[in-house]
Amino acid sequence: MSELFRTYNELEQLVLKTYRSPDIQTLRRAYDVAQRAHAGEVRLTGHPVITHPVAVAYRLAQMGLHLNVVIAGILHDVIEDSEMTNESLQEQFGTDVASLVESVTKLKHSINYRGEERYAENMRKMFLAMASDVRVVFMKFADRLHNLETLYGQPKHKQERIARESLEIYAPIAGRLGMSEIKGELEDGSFAYLLPKEYERMKNIMDIKVREKGAYVSRIIDQIEKLLSKTSMEDFQVHGRVKRLFSLYKKLNKYQGDLSKIYDLIAIRIIVSDVEECYMALGLLHQHWRPLPGRIKDYIAQPKPNGYQSLHTTVFTENGEIVEFQIRTLEMHELAEYGVAAHWRYKEGTHKPVRNTQWMEELAQIQKELQSKKNFMEQLEIMKIDVFKDRIFVFTPQGDVIDLPEGATPIDFAYAIHTEVGNKCTAVRINEVMRNLDTTLFSGDIVEIITDKNRRGPNPDWMKFAKTRHARAKIKDATHHTVKGWFAEVLKGREKAKK
Ligand code: MN
């Protein structure tokens, strides 16, 4: 759990410790810019606003993300809160930092729009849209975590909305991205506000258990360390981990409140150097203690869908105590804690983030689920992995997300909403400014189509800038339709003449 607030100095210390020869000059410059942008502003908690972006940047540095992401974290609210423009950010901090800040700002705008019941769906889609740069999602998580930590300053209705959003939208996305550490914090942070009584109850259970079993578990840990040091294994760590409160709450519900069925309230983690040592450690444990039947899980040979790998086993120890073990390599451990973010982490010696495409497949999978749920199956072709690269996601004024191909125009948008909206379309407002109908749309734009019910149909010229097959077909159709209608009249007339 992080501290609520961090000073800039603490951030700088952490950066110096984490990164090799980091560009402290730029970090400090970002801080100065942010401080000027937020000068004199105070959060509802009573703290100066600058404490928030510093805390967010600190978290991003803790996650070990590349320094540009940390710098963007300090700057993430400046466009919103000051006269600062994207161009100026670009000049001062380069295109990468500027585009990160811009994407986070856009994501925030979409949140202000109320689509009520479709809200969760929209947000998920928006995340996916922005996933063309997954670092933006990490920044959004860091931002949300700090807002949750300081939620006590907000009025009650806002506490509830933010907590619900975090639990229903952010946490599942973190989970699907394999970021269990972040997911757990998001869940517990929201749980406290959504079900305060249950939260307290779970907290009491854990407090009692930790007091009861803490000393015992420490002894077991010592014992294992001794066992392991007698083998050829050299690099290993053994530590206890306490179950998270929301996770306990869910499990208790599953077992009808029977606490005795939950064996992993406190588990012991063994981290070793390679896969072979994982199995060696497992063998060692089983030689020593009898495993509980049916509780040995080999997630190394068969990883969980989100990529999680570890060996799990539950054993009876000396005095009939039941203890769960999780055995993994350091790499598996990092992946389990940070998920896809692990691939974006700064690695000593390499100045480029290590990329891996597994998370993209993962996102494509979520996208697939969303689509089958919402009957978007007609869009099967966008199931390609590069789906996010050439799609844009724009909003109706009500907050609904419409996804379109890159280069799409308001005409495509209008027909995506409804054929009649397309046919009667006369003008468009983009981000509250009147624009031409051939204007290119960009992700995050809020588009309002102005219709004229007296309009007879689409302008054939629209074919020049309609990009989607759907819009083009409808425009053709509407023109065709009149011909067909006229044709039909002629044919009918002939029939009559025959008689
Ligand atoms: Mn923020």
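Counting convention: from 1, in listed order, for ligands and their atoms alike.
Residues passing the side chain to side chain contact (heavy atoms under 4.5 Å, CB included) test with Asn147 are Arg43, His52, Asp143, sequence neighbours excluded. Residues forming a ring-ring contact (aromatic ring centres under 6.0 Å, His included) with Tyr8 (at least two apart in sequence, or on another chain): Tyr31. The side chain to side chain contact (heavy atoms under 4.5 Å, CB included) search around Gln90 returns Asn86, Thr95, Ala98, not counting sequence neighbours.
For the residue pair His47/Thr45, the side-chain donor-acceptor check at 3.5 Å is satisfied. Side-chain contact of Thr439 with Asn436: a donor-acceptor pair under 3.5 Å is absent, judged by distance alone.
Counting only protein N, O or S atoms, the number found under 2.8 Å from the Mn ion (ligand 1) is 4.
A 4.5 Å side-chain heavy-atom check between Arg161 and Glu165 finds at least one atom pair inside the cut-off.
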